[in-house]
Number of protein chains: 2
Amino acid sequence: MSIKPLILVAEDEDALSTLLEYNLVNEGYRVAIARDGEDALVLAREETPDLVLVDWMMPSVSGIEVTRQLRARHETANVPIIMLTARGEEADRIRGLDTGADDYIVKPFSMTELFARIRAVMRRIRPALADDVLEAGDVSIDRVGHRVSRQGVDIHLGPTEFRLLDYLMQHPGRVFSREQLLDAVWGADVYVEVRTVDVHVGRLRKALKIDARPDPIRTVRSAGYSFDTDRR
Amino acid sequence: MSIKPLILVAEDEDALSTLLEYNLVNEGYRVAIARDGEDALVLAREETPDLVLVDWMMPSVSGIEVTRQLRARHETANVPIIMLTARGEEADRIRGLDTGADDYIVKPFSMTELFARIRAVMRRIRPALADDVLEAGDVSIDRVGHRVSRQGVDIHLGPTEFRLLDYLMQHPGRVFSREQLLDAVWGADVYVEVRTVDVHVGRLRKALKIDARPDPIRTVRSAGYSFDTDRR
DNA sequence: AAAATCCGTCACAAAACTGTCGCGCACCGT
DNA sequence: ACGGTGCGCGACAGTTTTGTGACGGATTTT
């Protein structure tokens with residue numbers, strides 16, 4: 001997750017979404033604007049937002065439906081969602097909360113109150129999310145669920161390969177010598193041949209291979225290995 | 001953690017606290033009642049509650065102060081807090097949220113709305129704990145009726161297998177070590193062999209087997225087990 | 001009190017993973 | 001172009017981890 005949290009706003013009224021964008025950006029957030037529910041789902045897929053503001057009433061795909069779909073997808077299952085609703089009727093609010101929204105706010109609302117709610121909701125979710133899943137390029141590693149996936153495809157790794165990838169992804173772009181990797185991944189007290197690292201890197205590479213995607217692990221001759229997302 | 005969540009209610013009006021106790025118990029929660037803020041802190045220390053309902057206005061120690069102190073203590077730092085407030089004024093609500101409360105509800109409120117908020121707030125912490133019946137994939141577990149079924153077919157489980165499945169389904173996708181499972185399902189003080197977990201997982205799997213349906217329990221070598229609904 | 005369940009442990013088999021070796025190719029400096 | 005060093009990779013045998021049937025004792029039900 002980058003420094004500035006990304007907020008996805010799904011709102012069909014131009015006046016309101018512009019106002020929201022202006023104020024949220026001013027508050028230090030990055031903002032993605034969606035005009036309707038479908039848009040919102042597409043945008044959420046491009047970059048997983050850190051929080052979603054979704055209007056209850058929207059053409060085509062309603063706020064509730066958006067919520068449900070976001071919850072269904074693995075990447076966005078735990079993203080906090082705040083529902084914007086014009087009606088103050090209790091039944092609707094409850095339905096919103098039960099569908100999986102984390103909070104709702106009734107229009108019209110003040111920016112101050114919205115900010116407070118955003119802070120409250122994010123404080124709750126973010127710490128858990130921040131450490132748990134690590135992404136770089138198209139590879140994501142979930143340490144709590146012990147899952148690795150590339151472009152959404154699940155990848156099976158043995159324990160050692162998992163720890164190795166985990167360690168490399170902690171410091172993308174940085175080159176580690178085989179000795180450093182042995183210390184970090186195997187443990188300082190374990191004695192194994194240095195070349196063992198090569199073998200595991202090889203296995204890791206093979207496992208990460210998805211059609212023609214570039215190899216995310218870079219060999220630096222006579223230095224070591226590093227996890228790189230793009231450059232060459 | 002036991003099956004029924006413990007809710008700590010800090011409220012000085014007798015009429016309301018009695019009403020809350022009655023309804024919450026009726027809804028399947030365990031309830032601890034505190035007459036004032038000090039009481040609340042003492043009770044929270046005795047057994048860490050799963051959620052706290054605290055009145056904004058209370059003699060001696062105010063709701064805000066209770067919130068602050070709960071957040072300060074390690075055991076209760078992440079317990080969700082819902083603030084009960086008589087005033088509808090925005091400034092106060094914001095202050096409440098910023099202090100660390102996760103939500104607030106304005107008096108007078110209906111029990112239905114309160115329950116929805118409790119479920120919503122608890123879902124953030126432990127995604128499914130709030131519900132009486134829990135479903136993931138084609139498996140459903142009814143913690144009130146102690147019933148488990150898969151694809152509509154009733155399944156009989158022993159008490160330990162039931163608690164094990166219950167715990168795993170609380171946190172779908174998350175991997176637990178055998179030690180963690182022993183703590184959570186058997187109890188921290190019970191001494192049994194670690195491999196006992198394997199045996200019960202095995203029994204659970206056998207019980208859950210319905211023709212060719214995929215095994216919902218995933219083994220993560222040298223890490224533990226997790227309940228998974230989808231991928232393999 | 002007898003019967004039926006349920007529980008924890010063990011031992012053994014199956015499965016998964018690991019470390020090492022050796023060979024051949026790639027790359028580098030000369 | 002050439003020798004040398006570094007690296008990728010398939011093979012393999014040993015080790016660790018997990019699945020599971022069996023069993024005696026405890027607990028609950030009938």
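This is a predicted model, so every value here is computed, not measured.
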Remember a base hit wins even if backbone is also touched, and classify [X] as base, sugar-phosphate or nothing at under 4.0 Å, heavy atoms.
X      : value
A/Y225 : sugar-phosphate
B/R205 : sugar-phosphate
B/V201 : nothing
A/V220 : sugar-phosphate

*Any luck finding a side-chain donor-acceptor pair between B/R218 and B/S226 under 3.5 Å?*
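The answer is yes; a qualifying pair exists.
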*asked:* Is it true that B/R205 and B/T219 share a donor-acceptor pair across their side chains at a distance under 3.5 Å?
replied: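 Note: B/T219 and B/R205 side chains meet the donor-acceptor criterion.
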*Is it true that a side-chain atom of B/R71 and a backbone atom of B/V79 form a donor plus acceptor pair closer than 3.5 Å?*
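Present.
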*Indicate yes or no for a side-chain donor-acceptor contact from A/E46 to the backbone of A/L43 under 3.5 Å, with no hydrogens or angles considered.*
no
*Between A/L157 and A/Y191, which has a closest nucleotide on DNA chain C that is more 5'?*
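That would be A/L157.
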_5' priority, DNA chain D, between A/K206 and A/S222 [closest heavy atom]_ = A/S222
_Donor-acceptor pair present, B/R203 side chain and D/dG21 base, under 3.5 Å_ = no
Please report, rounded to the nearest Å, how far the [atom2] atom of [N] is from the [atom1] atom of [X].
X      : N      : atom1 : atom2 : result
B/D215 : D/dG19 : CG    : C1'   : 12 Å
B/D198 : D/dT16 : CG    : P     : 17 Å
B/L181 : D/dT18 : CG    : P     : 12 Å
A/R178 : C/dG19 : CZ    : C1'   : 16 Å
B/L208 : D/dG19 : CG    : P     : 14 Å
A/H200 : C/dA16 : NE2   : C1'   : 13 Å
B/K209 : D/dG19 : NZ    : P     : 12 Å

Is the phosphate of [N] approached by [X] (side-chain N or O, under 4.0 Å from OP1 or OP2)?
X      : N      : answer
A/W186 : C/dT18 : no
B/H156 : C/dC6  : yes
B/T160 : C/dC7  : yes
A/T219 : D/dG8  : yes

_I want to know whether A/F227 and A/H171 have ring centres closer than 6.0 Å._
no
*Between D/dG8, D/dT18, C/dG8, which nucleotide gets closest to the side-chain atoms of A/R195?*
D/dG8
*Name the closest nucleotide to the B/R221 side chain, picking from D/dT18, C/dC7, D/dG6.*
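Closest of the options to the side chain of B/R221: D/dT18.
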